[in-house]
Every structure is written in C-alpha cells, then in structure tokens.
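Sequence lines set the chain letters: A, B, ... in the order given, protein chains first and strands last, and positions in each chain run from 1.
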2 protein chains.
Amino acid sequence: MAERRGRNVRDVRRSNRSLLLRHLYFHPSSSRLDLSRATGLSAASVSSVVAELIEAQVVIESGALESDGGRPRILLDVAAPRFQVIGVDVGETRIRVERFDLGLTELARAEIPMPQGREPGRCAPGDVVAGVAEGLAVVGLPDPDSGVRVLGIGIGVPGIVAGRPESVVHCQTIGWDAVPLEALLREVTDLPLFIDNGANTLGQAEMWFGAGRGVSDTLFLLIGSGIGASVMLDGVAYRGSSTSAGEWGHITAAIGGRLCRCGARGCLEAYIGAESIIARYAEAAPAADAASAASEEDALLRILAAARREESEQGRAARAVLAETALHLGVSIGNLINLFNPERIIIGGWAGLLLAGDLLPGVREVARAHALRHPFSKAAIEVGRLGPDAVALGAATLPVARFLHTAGVGPRSH
Amino acid sequence: MAERRGRNVRDVRRSNRSLLLRHLYFHPSSSRLDLSRATGLSAASVSSVVAELIEAQVVIESGALESDGGRPRILLDVAAPRFQVIGVDVGETRIRVERFDLGLTELARAEIPMPQGREPGRCAPGDVVAGVAEGLAVVGLPDPDSGVRVLGIGIGVPGIVAGRPESVVHCQTIGWDAVPLEALLREVTDLPLFIDNGANTLGQAEMWFGAGRGVSDTLFLLIGSGIGASVMLDGVAYRGSSTSAGEWGHITAAIGGRLCRCGARGCLEAYIGAESIIARYAEAAPAADAASAASEEDALLRILAAARREESEQGRAARAVLAETALHLGVSIGNLINLFNPERIIIGGWAGLLLAGDLLPGVREVARAHALRHPFSKAAIEVGRLGPDAVALGAATLPVARFLHTAGVGPRSH
DNA sequence: ACAACTTAGTTCGTGTTCCGATTTAACTTC
DNA sequence: GAAGTTAAATCGGAACACGAACTAAGTTGT
C-alpha cells in the first residue's frame, strides 16, 4: 500500500514546470504575474521557470498588454507552431487521420474507407494498419529542416485497449481478440504511439474543448451505432485495473432481454444503440421505408421524423421505439449517477446528438425518478458540443497531454 | 483545469515524512535501511526524517535485529501506544463505540441500543447523538496526564455523507434529510470528527486489514438488511463530486419491478437485501416459520436451511428466492465489472457473509455470463474477511489515515 | 518637461531539502 | 585482536523556492 517513491528536490521543479506549462496551455496569453497568482508560486519562481521554458523554446513572449499606469505585462504563450501531433480515429467503416499543431489547430486531414470484409462489421487488423499508414502518408509530416517536432500519434479505436507497455486491443463486436496494434503500427511509423478507446478520446476532447471544460468528475456517454462511455474522474480518464473501465454498452439492462450483437441478452446497447433502434423499428413497423435508407444516420433521421407524424401507424411505432430507448437511457443514467456521483453527464456520438433534441427532457425525467435525490441534484445532464467527428481531435490530445506533463523534457531526440 | 498549487521544497519533506510513516505503519519493525530500499530515498534522507519523527515521539526505536556479520539493524516502529482513536458504528438498531490505539488494537468498547421509534427503521438524530455521547462516556478517554493523544473520532453512518467542511447526512431509508450530524456531535465532544458512510468505513477496514490488502481498485459490496457499496480506486475511497458515489442499493435492477422501501420500483436492494429476501420468502411460502424468527439474521439462516431440504414446499420456495437473489447479485456484479474494471470485488455485510457460502459459485457464474470476457478475467470475486462488526474499526481508520497523511504535524494542540 | 506614482519583472541572499561520499558504530570471523 | 561486514550518521554540495530589494517601463500631475 502507498508504495509511491520518495520525492526529490528536483521533482519540485519538474512539477512546477509542468504546472505552469499546463496553465499557459489552457489560459493562453497570460503574463508572468497571472501565472504567479494562478499557481501560488512566487513571482521569482515563475520568472525562473519561464526563463527555462523560453530557453527551451517551448514558450514564447507573444506581445505586451496595454499599460494601465505601470510597466506593461508581457504576454506568454506556448510555442504551438513548433510542435505537432497526429490524431487517428479508427472507425468500423473508415479511418480518419488528422495533423494538428500543439494548439490543436487542424493542419491536414485524410479519410480512408475501410474495405468491408465478408462479414459486415468485421475488419482485419492488417486493413486497419494499412489504412492508418495510408492516412499518415496523405497528411504528411512537417519539413524536417523546419525545426518542428512531432510529438506523437494518438489513436482512438473501438475496443478495449489493454496491456503495458505494448497496447493490445480487444473488441468482441468486431472480432478482435488481443490484437497487438501498437506493435503492428510500429512497422509503419517511428513516432510515439498513444492508443486509447474511442469513447475515451472523444470524452477527452469534450473535457478539453467542449461540454466538460473545467469539470472534474464527468461521464461521457457515446451513442453511435453501438454505445460506450468514458469515465473522467478528477479531470482524467479512469481506466480501472486493466484499462477497460467504462464498458457501458454491455452492462445488462434487462435480464434475459433482447439479443445483443455481442451474443449476450439484454445488453444496454441492444436498447440504446442506433443499430438496435433501427432494428426494433423495422420489427415494429415492417412496412416502413427505413430499411431503404442509405445509411444508419439516414435511417435514424427517418425514425425521428416518423415519430412526429401524429396519426400514422409508423408514427406510433416510432414513438414506442424511441420511448423505450429514452426509458432505458434514463434509467441507466440514473444508475450511473448513483454509482459515480458525477458533476456532469455528457451525451455524445452521432446518434446521441440526433436523439438528444427530442429525447432529452424525457431522459432527464426518467433519470430523476430512478436516481437518489441528492446525487441527482448535483448532476447536470448535457449534450456534447463537439460533434461526433472529434474522436481524432481527442486522440491528438493524448500526446499533447504527455507533452504538458513532462513539460517538453521527456524522451527527446535532442 | 489542473489548478493544483505550485510545489514548495518543504512539500518534499512533508511528502517524504508521510511516506516513511505510512510505510512504517503498514510494515512494522523496519530498519532505516529497509525504509530506504522500499521508498527509494537515500539512507541519508531516511536518517534525517526518522530522526525528526523520533524527536516528535511519533516513531520509536523498538529493538535491534540479530547481526549477521555487521552492525545490527535498529528496528523502528510507530509509537502506537502514544496515540488513540475512537471508532463509532451508527447502525439502525444500535450504536457501537470502540476505542483503539494507533495500531488499532481495541482498548474499550460499548454498545448502546437505539430506542425504536414509532415507525420501525426511523431514528431521530437526537437519539443518535445521545447514543454516541453515552458510548463515548462508557469507553472513556486516556488519562490526560499520560501524554496519550486522541487523534479523533471516526463515525460510520448508514447514509450519504455530504457537505464541507461540516458533514451533513442524508438517508432516504431512515428519513434523514440534510441532518447536520457533525454540528450536532460537536455539542458532545471537542475531538476532531471524521464522518463517512458505513459501507465506506467497512470497506476501508477490509482494505487495510482484510480481503483488500494491497489491492488498489476494489469494490466492496455491503449486504445487510439493506445494501451499499464502497468504491476504492487507487487504494482510497472514491467519493464522487459530492461524496455520494457508490450508492449501489438503489440502482434500478428491473424497470417497474418490486417496490423498494425507498419508494421507488425495481431497486437492487429490493432483490438482494436481507429484508427483501425475508419478505419474498414470506410471500412465496406463507406457511413457513420464518416470520417467527427472533431477528433478521435468524430468519435468513432459516431460509438458507430450508433451501437445503430437498422435497418440501418451503425448500422449493427458499431455493427460488435465493436463486433470484443470486441472479440479481451476479448480474449486478457483472455490470460493476464492466463499468469499473476492478481488480477485486469483496462481498461483506452480515447477510453477504451468510449468503456467500451457498450462493457464491452461482453468483460467479452469472457474473461471468454477463460481463465482458477481458475485465471479468481480471476481477476476483471474494468474501470479506473481517465480519460485519468491523464498521467501527473502519471508522477508526479515518483519523489514523489523516495522522499518517500529515505525519503528526497536523492541527495539534501542542 | 520632469518628478512622483504604479505596475511588471529580475536579481540576490537565505533557508530547506535531498544526495553521494565519507566516516563512525557495532557487530562477526579468522 | 586484526580484518571484514553491515548499519547508521555526518558533511559538503547542488537544486530549489522564496522574500526583499532592485530595475524596467510605463502613466499621471503640475
């Protein structure tokens, strides 16, 4: 128990350097005095650490503020253009690769469709690696002579990421069992790799730039074709003892209930995921036109539209299916509130964003009825702000987070 | 985000002092060299810090090890007899108060029955305060001239403990809403108070001295008349944003299901708690003798015995009720494994310990069938080792934990 | 126009702290 | 009793944050 190592006097500097850099990253254009006040460090210490960061070209003086009666403040900023990161979103149907600068301004992007194998929803690890390699080639790298350093590649995948130090990916729904993705990808790149669950990376993006800003205990619910969740405790993703925490999709919502694509019965995903909503509607209203939809997104939009048509048979069927979805989502959110006592619950994913418009009030009410009063009153249930395409953005935050943590003195080739 | 304060060079000393003291507490009779090796601190630093702790009379030299060819090791120990703590278990039917030394060796105990009010299961806050005061008087305090310092009183209560800095207790089942227990108790004692949920304190006891030793991510499930849980992440209780995390009893196990004593329908407690088991058996086998049992414990024992009688009507009813209980417990454990990815799940509480003998294999199997393969394979489902009476012991760990954290330099009257 | 303010940032001396090297302490073994 | 061995203490050096004093770079008032 409590086997943390003893602290060194140099750890103090490391910790303070990282603290100042993080503050500067999330509060751009601060002066040294701002930093001093925000962190509690003395002005002398801030001066000293900032000088070091400027010396290392991690921070730059970016201007000065108009004076109001004294010496003007010199504004500091992270030297965002000098560092770049790459974010990858491995989806079941396509791979998206984006290149960003340190400030996560997008510089280039590529989208590679996945070859659909014999069985739908199954993709070979080799195809994913090839797709990532192709995407990396398209987005390119900065000119090696420019002095720009690429910090690493963050990758969001639709499965459980386990194993240390080499990441291994499990995903029952697409048939991956202990795929050594990190080792496979190392064949196509030398850059540091940061692999995480896609729900986690999307949640991370919302924490940094979306509905989770400044909140520490947050649950991010990703509702797409299937569903997943990311548990953010104390501002960072909680991973559990073997990095698979937050597997929300396959908790049992109804014993002996509907068959799920994972093979079990009564999984929550079989009531909330878009695939299941579409299937349930097709069962309830066989004559409906949803089957002819071009995509899942299109099909879900048609169901939402049908639900608004008062008198038709299909309207009744659509309303029943959506009501069942809202009921299960609300109950599950109530349960999560009791278990985790979060400050905020964020609903995201492409289906979640589509559904939230019509369903959110009902979901809130069901959650209220099924949660204890006290924790419910502290939990805000909100909709994600970033859209479903932020998985790559969130993945790119992973190398950035490492950089901020090490304050640029990590393993560098310098 | 990340608004931690800057670190000081004196924080290093504080942190190392606490680290060494904690190590010494959990690994008694270590030498300075043992400490150095275990913490990574240099021998010089260990010497210096230990000298300080000895000077402060927090640590003593307690002997020497036989030499094996060189200077013998001097053994160090925490000066346990110089410090005492008090643990209180506030139950629905009785209050237990125990006095311990720092090593949590019991020195005195008292058990005060609670006056049963008009409605069963409702107890007035005033009665609790009076009961605690009476218990404190019985266990007494050390002689003021002895130099023994009492670090504080830890209190485990059956409800949600919220509020800072003054603890306020909510409990829907016994009718407490925002009871300012800390303020009320301050009327009867001047000692520092540490109030927490009883499931948390019992879980804490298991973490320090029972089935959770050395494990960091653990869920402790308390099954008594009602049920509760304690979520231990990274070795300490996770409390959520407003300290009510782990409210496992009133998550919804079946939508529109059995009526729970909290007023909602389908709560897990209505399927797993001893009160519900007894009620369900009484419904299924009205002729049974369980109703005449002297206590809930007695009633549950009779149901377990009935279930073992092959051919009787009552045996079938008992088996059906217990099977339903095992099913819901297993499903819920499977869900918790998916969500939290714990290293260990510990079943405790008086009813949990009684049930585990017969039900555990079935519960494990159900959990396996309802959890994802990967996280299930990492989670051990075990039975608590400390018995149900360790709530007071666990409560007493709270002031001890604070003492170890501050290494004896906290707010002292010295 | 120039002194008097005002605010931002730097420099410097001081006190803590950990650490490596060396020394001292306390044994055993030959 | 000399040599060897292991444990612990001591000492000087380096890293660090901090407070106080100081410098820099403006505005304001007369």
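The nearest whole Å value for the distance from the CZ atom in B/Arg17 to the C1' atom in C/dT16 is 12 Å.
Taking for each of A/Asn8 and A/Gly69 the nucleotide of DNA chain C with the nearest heavy atom, the 5'-most of the two is the partner of A/Gly69.
Between B/Arg344 and B/Glu206 there is no salt bridge, since no side-chain nitrogen of the basic residue lies less than 4.0 Å from a carboxylate oxygen of the acidic one. For the pair A/Arg73 and A/Asp34, the salt-bridge criterion is met [side-chain N within less than 4.0 Å of a carboxylate O].
Note on B/Arg32: a side-chain N or O is less than 4.0 Å away from OP1 or OP2 of D/dA9. Within the 4.0 Å cut-off from OP1 or OP2 of D/dC18, at least one side-chain nitrogen or oxygen of A/Ser42 is found. Side-chain nitrogen and oxygen atoms of A/Ser31 include none within less than 4.0 Å of the OP1 or OP2 phosphate oxygen of C/dA8. When the side-chain nitrogen and oxygen atoms of B/Asn16 are compared with OP1 and OP2 of C/dC18, one or more of them lie within a distance under 4.0 Å. Between A/Arg13 and D/dA17, a side-chain N or O to OP1/OP2 separation shorter than 4.0 Å is present.
With hydrogens and angles ignored, no donor-acceptor pair under 3.5 angstrom links the side chain of B/Arg71 to the base of C/dA26.
Under a cut-off of 6.0 angstrom, the local environment of CG in A/Asp190 is sparse, with at most 12 non-hydrogen atoms contributed by other residues, nucleotides or ligands.
Of the candidates C/dG9, C/dC27, D/dA9, the closest approach to any side-chain atom of B/Ser67 belongs to C/dC27.
Using a 4.0 Å heavy-atom distance criterion, B/Ser48 is classed as making no nucleic acid contact.
Aromatic rings of B/Phe26 and B/Phe209 (six-membered ring for Trp) have centroids beyond the 6.0 Å cut-off, not under it.
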